[in-house]
Number of protein chains: 2
Amino acid sequence: MSQARVLATYLIETPYSLEYAAQVMAGEQSTGTFISVPGETQEIKEKFGARVVEVQELESSETPSLPGFKLPKRVNEKPVFRRGLVTLSFPFHNFGPSIPNLLATVAGNLYELREFSGLRLMDLDLPFEFTEVYLGPKFGIEGTRKLAGVYGRPIIGTIIKPSIGLSPEELRPVVRELAMAGLDFIKDDELNGNPPYAPLQQRVKVVMEEIERVADITGKKVMYAFNITGDIDELKRNHDLVYDAGGTCVMVSINSVGLPAVAHLRKYSELPIHGHRNQWGAMTRCPLLGMEFRAYQKLCRLVGVDHLHTNGLNNKFFESNESVLNSVNDCLTPMFGGLTVMPVLSSGQWAGMAVESYTKMQTIDVMNIAGGGILAHPGGTAAGVKSMIQGWEAALSGISLEEYAKTNTELRQAIEKFGS
Amino acid sequence: MSQARVLATYLIETPYSLEYAAQVMAGEQSTGTFISVPGETQEIKEKFGARVVEVQELESSETPSLPGFKLPKRVNEKPVFRRGLVTLSFPFHNFGPSIPNLLATVAGNLYELREFSGLRLMDLDLPFEFTEVYLGPKFGIEGTRKLAGVYGRPIIGTIIKPSIGLSPEELRPVVRELAMAGLDFIKDDELNGNPPYAPLQQRVKVVMEEIERVADITGKKVMYAFNITGDIDELKRNHDLVYDAGGTCVMVSINSVGLPAVAHLRKYSELPIHGHRNQWGAMTRCPLLGMEFRAYQKLCRLVGVDHLHTNGLNNKFFESNESVLNSVNDCLTPMFGGLTVMPVLSSGQWAGMAVESYTKMQTIDVMNIAGGGILAHPGGTAAGVKSMIQGWEAALSGISLEEYAKTNTELRQAIEKFGS
């Protein structure tokens with residue numbers, strides 16, 4: 001029997017002692033029950049019980065973060081809600097190399113326990129056995145660069161706008177313009193899957209016709225991430241549609257389809273998988289509930305996404321820059337010696353963000369996606385793309401944005417319009 | 001083009017006016033972008049834009065529920081966080097009958113918006129077109145009763161304990177005892193899927209041998225929910241294993257596999273699907289984030305679970321009795337004229353709960369699952385089962401628990417041990 005173990009780290013908040021609370025977690029998610037039952041032998045507890053590996057005390061709070069907790073039986077004492085980092089170790093043989101069953105163990109019922117007024121899964125340390133079942137990114141950073149033909153700088157992309165409502169024939173000139181504008185990458189909006197008014201099959205046809213036509217002129221075949229989000233069989237049909245039409249990328253809403261569906265797609269996919277994390281906010285915005293991106297991204301990488309959304313700096317969403325930087329760093333940190341994915345910086349992005357992004361991220365292995373920041377550029381879309389590239393040129397050459405803008409019109413126009 | 005619309009109701013908290021916040025939601029999840037772009041015509045907005053249908057003001061708060069919000073530009077004014085119920089109407093043709101794409105729309109990026117310090121999806125009203133794609137429960141309440149052979153009272157069940165660690169041969173006598181004890185239903189623990197130390201294939205073999213053997217003696221074939229949770233192809237293999245061995249139920253951790261995987265399983269399943277909702281706490285425990293069970297259970301029912309966990313009254317988890325009662329009622333409320341599922345009352349259940357449960361739920365169409373409440377009964381497992389049935393007999397005959405216990409030993413013993 002494999003001696004491997006899974007380590008799971010949690011941020012907890014509890015009116016009990018941290019040590020006691022950690023034991024409750026270990027019991028609930030392995031061999032425990034609310035009343036001792038026959039057959040719960042010492043041997044079973046030793047071989048299958050989760051262990052508390054580490055408890056690190058943090059600050060405490062006078063108010064609970066979440067409702068539904070119970071209090072220890074202490075009289076005349078104001079409750080204190082202690083916070084701490086707890087690491088549990090689970091025997092790998094309790095579930096084997098199965099992400100669905102891993103989740104039932106490391107997350108499972110923990111969020112519902114009344115001993116806690118807060119509980120968040122922060123990180124996972126998994127044994128290599130998981131890589132024997134989950135294939136990881138097929139293309140990753142290098143494969144994506146090769147297909148997109150972009151080296152030495154980030155991949156510059158945009159989103160089809162309006163996000164929804166364009167008929168296939170209305171989409172045609174939009175794609176033509178974007179492809180002619182020199183973009184490296186275009187993506188469907190996550191709102192636009194396979195809607196009745198513009199079925200994916202028709203969208204793929206017109207989009208690929210335009211992309212090939214432009215490639216014949218410019219020599220550059222833009223990578224287009226078709227949103228193939230759908231049910232299990234539909235994912236396969238949609239993937240095949242895109243592949244057969246000569247497409248070079250598929251996009252999937254990870255939380256809409258579930259991690260097993262992504263792992264399934266990865267098995268037959270011939271194309272990079274652009275992982276969109278919409279709905280992630282529900283899992284992460286409450287600081288003492290749900291999951292930290294560090295844990296989540298490991299699972300996304302294992303099941304095989306090649307690109308993963310992380311938001312960008314100064315995004316229009318709730319996420320702080322510190323969190324964005326951690327996320328980018330997480331995606332680029334090797335796991336089992338590899339499996340890195342390309343972080344996708346998006347939301348409120350424009351040319352002027354490049355210097356700050358590069359200074360803080362110290363990498364060019366990102367996709368930098370701008371919607372309005374490219375499409376609403378005063379010089380038009382091509383100028384928008386140029387401004388983004390110029391922004392990264394400034395960043396890479398160590399020249400300030402303002403200085404570089406003096407000799408680069410498109411960057412200057414971008415600063416004038418979007419800088420504030 | 002179908003004129004159908006999806007209604008989605010949210011509980012929100014915002015430092016802006018409720019009307020403005022509702023418009024932001026509608027824009028973000030349909031035709032909006034942070035800077036107006038060409039092509040965003042009035043016609044597209046009318047045909048594809050989401051509409052605010054209703055805004056109902058609730059109480060307001062001086063403190064925000066979630067971090068990451070921004071404040072309106074008002075000077076010298078203390079922010080007020082207004083709460084309200086907002087109903088949006090989305091054109092069905094924006095996504096079609098696709099749950100994954102529906103989720104990208106009705107949940108999507110909403111949780112991340114800085115205009116909100118709280119946002120929770122409360123309910124969904126879907127057009128019947130969804131039933132043309134999603135099959136709903138194949139067995140439901142009647143099909144389950146028929147397979148289990150139980151009428152006129154709830155289905156009484158238990159969980160294999162210890163939840164993990166039993167080898168197939170150690171499991172054999174446990175199942176034999178439970179089956180002989182007269183249980184209607186036995187389930188694997190959600191922690192126990194297809195682990196290396198006790199592969200599902202071996203578990204199915206010994207469990208079904210014992211169940212058939214007991215059925216030969218007693219004439220009663222207990223329904224056993226094998227936990228088949230796993231990746232996409234594994235779900236099929238596991239289902240087939242159970243079906244081929246004569247099993248009568250499969251269990252799946254819905255949130256581990258994702259709704260599309262359940263819908264996929266439903267397409268080929270020949271057995272009732274026992275839906276376990278572990279990890280649900282992460283989506284629901286923060287009152288102003290995530291999702292309400294009312295919305296979630298509709299999706300679970302559409303994809304085809306036959307039984308759905310709701311917790312029971314006085315459970316050991318954070319969930320209040322009020323919430324449990326709402327959940328049970330939701331599961332039993334027809335959707336498109338049917339699709340009802342059997343609510344599964346579990347956690348901290350024992351015989352004494354029946355009267356309160358029946359009084360408050362006014363239904364017998366539930367599964368009542370007790371672990372310790374049956375297995376740790378002082379008279380043994382068979383007495384534990386009898387006590388549960390006696391509890392429901394008391395409830396149905398309108399006799400008080402104490403009165404009924406006078407002439408029913410097992411119920412009396414249960415009250416002595418578990419009542420407090």
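Protein chains get the first letters and strands the later ones, always in sequence-line order, with residue 1 at the start of each.
Only the backbone of S117(A) has a heavy atom closer than 4.5 Å to any heavy atom of chain B. Only the side chain of K267(A) has a heavy atom closer than 4.5 Å to any heavy atom of chain B. Within the 4.5 angstrom heavy-atom criterion, atoms from both the backbone and the side chain of Q29(A) approach chain B. Residue contact with chain B, scored on non-hydrogen atoms closer than 4.5 Å, involves the side chain of N311(A) exclusively. Both the backbone and the side chain of F69(A) have a heavy atom closer than 4.5 Å to some heavy atom of chain B. Within the 4.5 angstrom heavy-atom criterion, atoms from both the backbone and the side chain of T229(B) approach chain A. Residue contact with chain A, scored on non-hydrogen atoms closer than 4.5 Å, is absent for S323(B). Interface residue S30(A): backbone and side-chain heavy atoms are both found under 4.5 Å from chain B. For chain B, the nearby parts of I164(A) are the backbone and the side chain; heavy atoms of each come within less than 4.5 Å.
With contacts defined as side-chain heavy-atom distances shorter than 4.5 Å, the pair L166(A)/I44(B) qualifies. Side-chain contact between I232(A) and I232(B): present, with at least one pair of heavy atoms (C-beta onward) separated by less than 4.5 Å. Using a 4.5 Å cut-off on side-chain heavy atoms (C-beta onward), L113(B) and F318(A) make no contact.
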task = Mind running side-chain contact (heavy atoms from CB on, under 4.5 Å) on D231(B) and Y134(A) for me, showing each step along the way?
result = CA-CA 10 Å; D231(B) 286 308; Y134(A) 298 101; 2.4 Å; yes
ask   = So N278(A) and L103(B), side-chain contact (heavy atoms from CB on, under 4.5 Å) or not? Walk me through it.
value = CA-CA 9 Å; N278(A) 66 78; L103(B) 285 172; over 6 Å; no
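Looking at R114(A), its side chain never comes within 3.5 Å of a backbone N or O of N315(B) through a donor-acceptor pair. Judged by distance alone, the side chain of R285(A) and the main-chain N or O of L66(B) form no donor-acceptor pair under 3.5 Å.
For the options N194(A), V174(A), N255(A), D233(A), heavy-atom pairs under 4.5 Å to chain B are most numerous at D233(A). Of the residues considered (G290(A), P67(A), G193(A)), P67(A) shows the highest number of contacts with chain B, using heavy-atom pairs under 4.5 Å. Ranked by heavy-atom pairs shorter than 4.5 Å toward chain B, the options G258(A), P100(A), S163(A) are led by P100(A). Between chain B and the options R277(A), H276(A), Q279(A), heavy-atom pairs under 4.5 Å are most frequent for Q279(A).
Tested against K316(A) for a side chain to side chain donor-acceptor pair (under 3.5 Å), the candidates E28(B), E115(B), E112(B) yield a single pass: E28(B).
Relative orientation of the H264(B) and H264(A) rings is tilted, given thresholds of 30° and 60° on the angle between their planes.
Around CD of E132(B), the count of heavy atoms belonging to other residues, nucleotides or ligands within 6.0 Å exceeds 12.
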